[in-house]
Amino acid sequence: MTKSFAGVKALRGVDLDVRPGEVHCVLGQNGAGKSTLIKTLAGVHRPDEGVITWLGEQVVIPDPEAAIELGIATMYQELDVVDGLTIAENIFLGHELSRGGFTKRSEAARQTRELLRRLGHDKLSPHTEVGMLSAANKQIVSMARALSHDIKLIIMDEPSAVLDTEEVKNLFHVVRELTAAGIAVVYITHRLEEIRQIGDRITVLKDGRSMASGIPVADTPTSELIRLMTGREVENVFPPAAPIPADAPLVLEVEDLALGGLFADVSFSVRAGEIVGLAGLVGSGRSEILETVYGARKATAGSVKVGGKPLRRGSVVHAVRAGIGLSPEERKSQGLVLDEPIFVNVTLSSMSRFAKAGFLDERSERKIAREQIDALELRPADPDRPAMTLSGGNQQKILLARWLVHGTRVLLLDEPTRGVDVGARAEIYALIRRLAAAGNAIVIVSSEIEEVLGLADTVLVVADGRVLKTLPASQIDEHGVLDLVMKGTAA
Ligand SMILES: Nc1ncnc2c1ncn2[C@@H]1O[C@H](COP(=O)(O)OP(=O)(O)OP(=O)(O)O)[C@@H](O)[C@H]1O
Ligand SMILES: [Mg+2]
C-alpha cells in the first residue's frame with residue numbers, strides 16, 4: 001500500500017495480513033502511518049497503489065459504507081461520535097432501523113442496551129446525550145457502534161489511550177470474546193506492555209514502511225520492537241528529579257476546593273520546581289480538579305492562590321493572567337484549533353503580544369513557532385502546516401509549546417502523553433522536568449499510574465472526588481495506589 005497527501009508520503013509500501021480470530025497489533029511512532037493505513041481499509045482514504053484482498057478476493061473500498069458492508073468496522077483515534085445525539089442515535093446513525101419510514105426508537109434502544117451490556121456498561125442509558133459522556137464512555141459508544149454491524153474485522157486505533165487500568169481490563173475482555181468468535185482485531189497502541197497481554201502478531205511501521213510484518217508476539221522482545229519502531233535504542237526512563245530546595249516558594253495553593261457533587265475538600269500546594277501528580281481512576285474527579293483550578297469550572301467552596309494571591313472563582317481570564325496554563329485531556333476538542341496552522345495554535349494564548357497597532361504580526365508569530373518546533377522536535381517542522389494533519393504526539397507538543405511561549409508559572413497537564421509514542425514520550429517527560437527545574441509549579445494527571453509515579457515528586461491519590469492520601473512519589477508503587485483506590489471507592 002502507498003498513499004501520499006499533498007507533499008507527504010504517509011505510506012511508502014506497507015504489507016499487512018490479518019487472520020480470523022487473531023489480535024494483530026500495529027506499532028509505530030507518531031506519524032509512522034498507522035492511522036492512514038487503517039483508514040485505507042475503512043474506506044476513508046483511497047490508496048495510491050497497492051491491493052486489498054478480502055476473504056481471497058481483490059476488493060476496492062471506495063467509502064466507509066462499503067467497508068461496513070464487507071464486514072470491516074473501525075473505531076477511530078479521534079472518536080468520531082456526534083455530541084448532540086444520544087447513545088442510541090449514534091449507534092444507529094446511517095443504518096437506522098426503520099419500518100415504513102419511521103425509525104423504531106424502542107427497538108434501537110433495546111439493541112443499544114444489549115450492546116452496552118455486552119461491553120460491560122449496562123449503567124449507560126441509550127438516551128443519554130453523547131456530549132455528556134467522558135472520553136472513555138465515548139469510546140464505548142464507538143465500540144458499540146462497530147459491533148452493531150455484522151463484522152469479521154474490527155480495527156481499533158489506540159482504544160486504550162482514553163482508558164484507565166480498569167477500563168483497559170474490560171476492553172481486553174471484550175477483545176477476547178470477539179476473537180473467540182473468530183472475529184479479527186487490528187489493534188493500534190503506544191503502550192507496549194499491552195501487546196504481551198492480548199497480541200498474537202505484530203506489524204511495525206516506520207516512516208510509512210513496514211519494518212516487520214506479522215511477527216509473533218511471543219518471539220519478539222520489547223527492546224527489539226522499540227528498535228524496529230525508532231531505529232535506535234530508547235530507554236523509557238523518567239528524568240531524575242533534583243531535590244526541591246527547602247526555601248523554594250509556594251507557587252500554587254489549593255485549599256478545601258470543592259465543586260458540587262464532583263469533588264470536595266481538595267487541598268494541596270505546589271512549590272516552584274515541584275511536580276505534583278494526581279493518581280486515580282477515570283471518573284475520580286482528577287480532570288475536574290484541574291479544570292476548577294484553571295477557572296473553567298466555578299468552585300462551590302475553597303480557594304486557589306497563585307503566588308499568595310487568591311484567584312477569582314470561575315475566571316479563566318484571571319487564572320491565565322496569574323500565570324496558569326492548562327493542557328487539556330481532549331486536545332482535539334478542547335485545545336487545538338485544528339484547521340489553523342501550527343504557528344497560530346502555538347501563539348494562541350499570547351495573541352496580544354503579537355498584535356501591533358491592532359494587526360497580528362504573523363512574522364514574529366511564525367518565528368516564535370519555529371523556535372518551539374526546533375526545541376520540541378515537532379514533525380513536520382513547518383509552522384504553516386494545519387494542526388489537523390499532525391500526528392497525535394506532535395499535536396501534544398503544540399499544546400506544550402503554546403504555554404512555553406505564553407510563559408506560565410503553573411502548568412496543569414491533563415494526560416500529557418496520551419497517544420504519544422515511546423520516543424516522543426521520553427522527550428516530553430524530559431521537557432516537563434525541565435519546565436519544573438526552570439521554576440514552574442506543575443500538576444499532572446495521567447491514567448497511567450506508572451507515569452504519575454515516575455514523573456511526580458509528590459502524589460495525591462484521588463478516588464470519588466476525595467484526596468485519599470498525599471505522599472512523596474518515592475514512597476508508593478502502582479500496586480499501593482490501586483490498593484488505596486479500591487479501598488477508598490468501596491468505603
Ligand atoms: N489528511 C492529511 N493530510 C496531510 N497529511 C496527513 C493527513 N493525514 C495524515 N497525514 C500525515 O501522514 C503521516 C502519517 O500520519 P498518521 O496519522 O497515519 O500517523 P500515525 O502512525 O497514526 O501517528 P499517531 O501515533 O500520532 O496517531 C504524518 O506525517 C501525517 O502528518
Ligand atoms: Mg494515528
Side-chain angles (χ1 to χ4, degrees), residues 1-16 24-48 50 64 74-80 135 139 142 155-162 186-192 194-195 202-213 225-226 228-231 234 330-332 335-336 338-342 345 373 376-400 415-428:
M1 193 80 78
T2 68
K3 173 74 188 171
S4 293
F5 299 103
V8 183
K9 284 194 171 161
L11 302 179
R12 298 161 191 258
V14 169
D15 301 319
L16 171 74
H24 196 120
C25 298
V26 176
L27 300 184
Q29 288 193 274
N30 296 129
K34 304 179 296 295
S35 296
T36 306
L37 171 66
I38 60 113
K39 281 179 183 167
T40 60
L41 303 179
V44 175
H45 293 323
R46 290 288 291 274
D48 299 335
T74 307
M75 291 162 61
Y76 295 100
Q77 187 172 10
E78 50 276 1
L79 294 180
D80 64 334
Q139 173 96 77
S142 174
I155 300 169
M156 304 182 177
D157 197 352
E158 295 191 37
S160 57
V162 297
V186 168
Y187 188 91
I188 299 179
T189 185
H190 287 294
R191 300 188 185 174
L192 301 182
E194 294 180 350
I195 295 165
I202 309 170
T203 289
V204 183
L205 304 190
K206 179 170 187 291
D207 302 330
R209 289 199 178 82
S210 31
M211 303 298 290
S213 205
L225 292 175
I226 292 177
L228 286 167
M229 281 164 68
T230 64
V234 176
E330 272 185 79
R331 56 181 172 252
K332 301 223 174 169
L336 291 172
L338 290 172
D339 297 337
E340 294 286 351
I342 295 178
N345 274 286
I373 286 171
L376 305 186
E377 293 185 39
L378 232 122
R379 292 291 170 267
D382 172 7
D384 289 294
R385 186 65 89 83
M388 185 169 37
T389 65
L390 264 69
S391 70
N394 284 297
Q395 290 183 350
Q396 184 63 42
K397 289 185 189 172
I398 298 181
L399 284 178
L400 285 172
E415 305 285 358
T417 62
R418 170 169 294 171
V420 172
D421 70 54
V422 275
R425 226 168 241 247
E427 282 168 33
I428 288 179

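Being a predicted model, the structure only gives us computed values, none of them experimental. Counting starts at 1 for both ligands and their atoms, following the listed order.
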Show the atoms of ligand 1 that are less than 4.0 angstrom away from any heavy atom in [X].
X   : answer
A10 : 12 (O), 13 (C)
Q29 : 21 (O)
T36 : 14 (C), 15 (O), 16 (P), 18 (O)
A32 : 19 (O), 21 (O)

Residue that, paired with Y187, satisfies side chain to side chain donor-acceptor pair (under 3.5 Å) out of H24, E194, E158 = E194

query = Would you say G33 has any N or O atom under 3.5 Å from an N or O of ligand 1, going by distance alone?
reply =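 By distance alone, the answer is yes.
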
query = N/O of G28 under 3.5 Å from N/O of ligand 1, yes or no?
reply =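 No.
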
query = Which bit of N30 is near ligand 1, meaning a heavy atom under 4.0 Å away: side chain, backbone, both or neither?
reply = both

R379 contact mode with ligand 1 (heavy-atom cut-off under 4.0 Å) =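 None of R379 does.
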
Identify the two heavy atoms, one from [X] and one from [Y], that lie closest to each other, and give their separation to 0.1 Å.
X    : Y   : answer
M1   : P47 : SD-CB, 3.2 Å
M156 : M75 : CG-SD, 3.8 Å
G208 : V14 : O-CG2, 3.3 Å

inquiry  = Can you tell me which residue among V422, L228, T189, I226 is in a side-chain contact (heavy atoms from CB on, under 4.5 Å) with L27?
reply    = T189

inquiry  = With side-chain contact (heavy atoms from CB on, under 4.5 Å) as the test, pick out the partner of L390 among D382, L336, L378.
reply    =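 Answer to the side-chain contact (heavy atoms from CB on, under 4.5 Å) test with L390 among D382, L336, L378: L378.
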
key: Protein residue, atom and distance nearest to atom 6 (C) of ligand 1, heavy-atom basis   = F5 CD1, 3.3 Å

ask   = In terms of residue, atom name and distance, what is the protein heavy atom nearest to atom 30 (C) of ligand 1?
value = T389 O, 3.2 Å

ask   = Nearest non-hydrogen atom to atom 21 (O) of ligand 1 belongs to which of H45, R385, K34, H190?
value =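 The residue whose heavy atom sits nearest atom 21 (O) of ligand 1 is K34.
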
ask   = Between the candidates S35, G31, P386, which shows the shortest non-hydrogen contact distance to atom 22 (O) of ligand 1?
value =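 Nearest heavy atom to atom 22 (O) of ligand 1 lies in S35.
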
query = Does any N, O or S atom of S35, backbone or side chain, fall under 2.8 Å from the Mg ion (ligand 2)?
reply = yes

key: Distance in Å, L205 CG paired with R12 CZ, rounded so as to fall on 0.5 Å steps   = 12.5 Å

ask   = Hey, does L400 have a side-chain heavy atom less than 4.5 Å from the side chain of I428?
value = yes

